[in-house]
Amino acid sequence: MAHDEVSGIDSAASDSSAVETSHRTPAGTAVIGSDVENPGEPPHRARVTDLDPAKAKHADRTVYTLFYLSIAGSIFALAAYMAFPIEDGDPVALRLNTLFIGLGSALALFGIGLAAVHWGKALMVDKEGIDIRHPVRGTDETRARAVEIFDQADKESGFGRRTLIRNSLIGAIIAFPLPGLVLFRGLGPQNQDPVELLSHTMWKKGSRLTLDPSGIPVKASDITIGSVFHIIPEGLNEREDLLEQKAKAAVLLMRLDPSDLNISPEREGWSYDGIVAYSKICTHVGCPVALYEQQTHHLLCPCHQSTFDVVNEAKVIFGPAKRPLPQLPIEVDSEGYLVAQSDFHEPVGPSFWERS
């Protein structure tokens with residue numbers, strides 16, 4: 001056993017003690033004794049608005065001025081929507097409409113946000129506190145205390161006392177959504193009946209079915225069983241309102257074994273040798289139904305997973321859509337090209353429009 005001449009402690013005993021300690025305390029773990037005192041919270045630092053009433057008054061004016069600025073931004077956005085209409089398709093008007101509506105909406109939101117932050121930092125009661133965790137459902141005493149806390153928060157925030165701030169905040173919150181509500185109106189047709197617009201497309205008797213986007217006419221002999229083609233009406237590419245017309249007239253063309261189709265009596269003659277054509281526009285919210293499952297003969301809308309059964313006249317078998325895809329009656333002309341017998345027999349697209 002080695003002996004340390006300086007300390008007078010046996011080395012073996014010291015090593016044994018060290019080994020014991022290493023077993024009790026993993027390496028790299030700090031052990032804090034129970035006698036460490038809670039350092040408490042740092043000293044409270046008073047704000048200038050707590051010390052100087054003039055500064056508090058200035059902050060008060062700043063807050064409600066920002067709320068009024070938010071109201072002005074909302075009004076500006078509404079005025080811009082009316083001052084720069086985009087119905088005529090003018091690109092300059094479109095840019096100005098987007099620019100000024102965006103600036104007004106940004107100012108409305110910025111004013112509310114900045115005012116709320118400044119109110120909390122400069123005027124609401126500033127003190128440190130500790131919230132003790134408790135079960136989700138408190139006792140009756142706790143719930144009663146919660147009501148007291150809300151009342152106390154109202155007093156400390158000055159919401160009930162600072163009437164200019166409160167009223168300007170309420171006004172800003174009421175005004176802020178108005179530009180958005182007005183913009184929703186711009187998503188629909190202006191001064192026109194949407195049912196009438198969706199009831200008629202470019203398809204008419206004798207219109208050839210052409211490939212999208214090339215516009216090449218399609219022959220019935222080109223369509224094999226299991227294939228699917230994206231179809232547009234002949235002449236669509238020459239239209240000035242191409243996108244608007246395509247959004248209503250786009251079609252999916254498929255060929256199945258004629259024996260697989262379940263055709264109702266009123267639709268006899270709408271297809272040709274197993275070739276059927278259905279609107280590509282989903283009847284839920286108007287997304288393009290572009291996915292075809294060859295083995296199951298299902299059409300799938302990728303937006304919300306509405307699924308249509310081509311075998312049974314594109315009826316809905318899954319998803320939020322409420323009605324089948326409209327079918328385009330087709331036939332073959334003297335040259336063997338596929339042509340439309342007529343327009344769709346019902347409105348295309350989403351089903352949320354009121355229909356007569």
Side-chain angles (χ1 to χ4, degrees), residues 86-91 93-94 187-224 227-256 267-283 285-292 299 301-303 308 310 313-314 323-351 353 355:
I86 58 176
E87 288 84 353
D88 55 3
D90 182 6
L94 176 62
L187 297 178
Q190 303 295 312
N191 304 319
Q192 293 174 298
D193 180 8
V195 177
E196 180 67 21
L197 290 176
L198 295 174
S199 297
H200 301 285
T201 71
M202 275 189 62
W203 293 109
K204 60 183 179 180
K205 183 175 179 58
S207 295
R208 283 184 173 178
L209 279 66
T210 64
L211 296 177
D212 181 17
S214 64
I216 299 174
V218 180
K219 285 189 173 183
S221 58
D222 298 331
I223 313 299
T224 58
S227 60
V228 58
F229 292 87
H230 297 258
I231 298 297
I232 54 177
E234 185 178 25
L236 175 65
N237 291 333
E238 286 72 46
R239 294 284 296 255
E240 292 184 0
D241 56 347
L242 183 151
L243 293 180
E244 179 180 343
Q245 293 300 328
K246 185 176 182 179
K248 298 189 295 181
V251 164
L252 286 174
L253 187 72
M254 295 142 290
R255 187 167 199 164
L256 289 71
R267 296 195 182 190
E268 289 285 351
W270 283 24
S271 58
Y272 177 81
D273 196 21
I275 302 176
V276 290
Y278 288 98
S279 171
K280 187 179 175 180
I281 313 304
C282 182
T283 55
V285 291
C287 296
V289 180
L291 303 177
Y292 177 58
L299 284 172
C301 177
C303 293
F308 306 87
V310 179
E313 299 179 344
R323 65 189 181 96
L325 294 173
Q327 183 175 358
L328 179 69
I330 59 173
E331 59 186 1
V332 174
D333 65 11
S334 58
E335 299 180 47
Y337 289 103
L338 291 169
V339 297
Q341 297 183 29
S342 65
D343 197 355
F344 293 102
H345 288 209
E346 60 180 308
V348 299
S351 302
W353 303 111
R355 306 184 188 278

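The model shown is predicted, which means the values in this text are computed figures rather than measured ones.
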**Student:** Is atom CD of Glu268 surrounded by more than 12 heavy atoms (other residues, nucleotides or ligands) closer than 6.0 Å?
**Tutor:**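 Enclosed.
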**Student:** Minimum heavy-atom separation for Ala277 and Leu253, please, with both atom names.
**Tutor:**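 The answer is CB-CD1, 3.8 Å.
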**Student:** Less than 4.5 Å apart, any side-chain heavy atom of His345 and any of Trp270?
**Tutor:**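 Yes, at least one pair of side-chain atoms sits under 4.5 Å.
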**Student:** Please list, chain by chain and in numerical order, all residues satisfying side-chain contact (heavy atoms from CB on, under 4.5 Å) with His230, sequence neighbours excluded.
**Tutor:**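 Counting only residues at least two positions away or on another chain, His230 forms a side-chain contact (heavy atoms from CB on, under 4.5 Å) with Asp212, Leu252, Lys280, Ala290.
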**Student:** Look at the side chain of Asn237 and the backbone N and O of Pro213, then say whether any donor-acceptor pair between them is shorter than 3.5 Å.
**Tutor:**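 Judged by distance alone, yes, a pair lies under 3.5 Å.
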**Student:** Can Phe229 and Leu209 be said to form a side chain to side chain contact (heavy atoms under 4.5 Å, CB included), step by step?
**Tutor:** CA-CA 10 Å; Phe229 292 87; Leu209 279 66; over 6 Å; no
**Student:** For Phe344 versus Pro326, what's the shortest heavy-atom pair and its separation?
**Tutor:**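 Minimum heavy-atom separation between Phe344 and Pro326: CE2-O, 3.6 Å.
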**Student:** Does Glu346 have any side-chain hydrogen bond (donor to acceptor under 3.5 Å, both in side chains) partners at least two apart in sequence or in another chain, and if so, which?
**Tutor:**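 Residues passing side-chain hydrogen bond (donor to acceptor under 3.5 Å, both in side chains) with Glu346: Arg323.
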**Student:** Any idea which heavy atoms bring Ser227 and Tyr292 closest together, and the distance?
**Tutor:**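 Minimum heavy-atom contact is O-CE2, 4.5 Å.
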**Student:** Residues in side-chain contact (heavy atoms from CB on, under 4.5 Å) with Ala220, at least two apart?
**Tutor:**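 Only Tyr272, Ile275, Val332, Leu338 meet the side-chain contact (heavy atoms from CB on, under 4.5 Å) criterion with Ala220.
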**Student:** side-chain contact (heavy atoms from CB on, under 4.5 Å) with Cys287: which of Pro302, Pro350, Cys301?
**Tutor:**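 In the set Pro302, Pro350, Cys301, the residue that makes a side-chain contact (heavy atoms from CB on, under 4.5 Å) with Cys287 is Cys301.
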**Student:** Using a 3.5 Å distance criterion without hydrogens, assess whether the side chain of Trp203 forms a donor-acceptor pair with backbone atoms of Pro233.
**Tutor:**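 Absent.
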**Student:** Look up atom NZ in Lys246 and atom CZ in Arg239, then write down how far apart they are to the nearest 0.5 Å.
**Tutor:**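 Result: 14.5 Å between the selected atoms.
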**Student:** Looking at Lys219 and Glu335, what are the two nearest heavy atoms and their distance?
**Tutor:**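 In terms of heavy atoms, the two residues are closest at CE-O, 3.7 Å.
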**Student:** Output the distance between atom OG1 (Thr201) and atom CG (Asp343), rounded to the nearest 0.5 Å.
**Tutor:**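 Between Thr201 OG1 and Asp343 CG, I get 3.5 Å after rounding to 0.5 Å.
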**Student:** Judged by atom type as modelled, is there a donor-acceptor pair below 3.5 Å linking the side chain of Gln327 to the main-chain atoms of Arg267?
**Tutor:**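 The answer is no, because no donor-acceptor pair under 3.5 Å joins these two groups.
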**Student:** Mind checking the OG-CD1 spacing from Ser207 to Ile231? Nearest 0.5 Å is all I need.
**Tutor:**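 One gets 13.0 Å once the value is rounded to the nearest 0.5 Å.
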**Student:** Out of Lys204, Lys205, Glu234, Glu331, which one pairs with Val339 under the side-chain contact (heavy atoms from CB on, under 4.5 Å) rule?
**Tutor:**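 Single side-chain contact (heavy atoms from CB on, under 4.5 Å) partner of Val339 among Lys204, Lys205, Glu234, Glu331: Glu331.
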**Student:** Would you confirm whether Gln341, through its side chain, and Ile330, through its main-chain N or O, come within 3.5 Å as a donor-acceptor pair?
**Tutor:**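 Yes; at least one donor-acceptor contact below 3.5 Å.
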**Student:** Answer yes or no: is there a donor N or O on one side and an acceptor on the other, between the side chain of Thr283 and the main chain of Leu325, under 3.5 Å?
**Tutor:**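 Checking the backbone N and O of Leu325 against the side chain of Thr283, no donor-acceptor pair under 3.5 Å is found.
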**Student:** How far apart are the closest heavy atoms of Ile281 and Gly349, and which atoms are they?
**Tutor:**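 The answer is CG2-CA, 3.6 Å.
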**Student:** Is there side-chain contact between Ile232 and Val251, with at least one heavy-atom pair below 4.5 Å?
**Tutor:**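 Not touching, per the 4.5 Å side-chain cut-off.
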**Student:** Would the distance check show the side chain of Arg255 and the main-chain N or O of Ile223 forming a donor-acceptor pair, the cut-off being under 3.5 Å?
**Tutor:**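 Looks like yes, one N/O pair under 3.5 Å.
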**Student:** Say whether, by atom type as modelled, one donor and one acceptor occur between the side chain of Asp241 and the main chain of Gln245 under 3.5 angstrom.
**Tutor:**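 Between the backbone of Gln245 and the side chain of Asp241 there is no qualifying donor-acceptor contact (under 3.5 Å).
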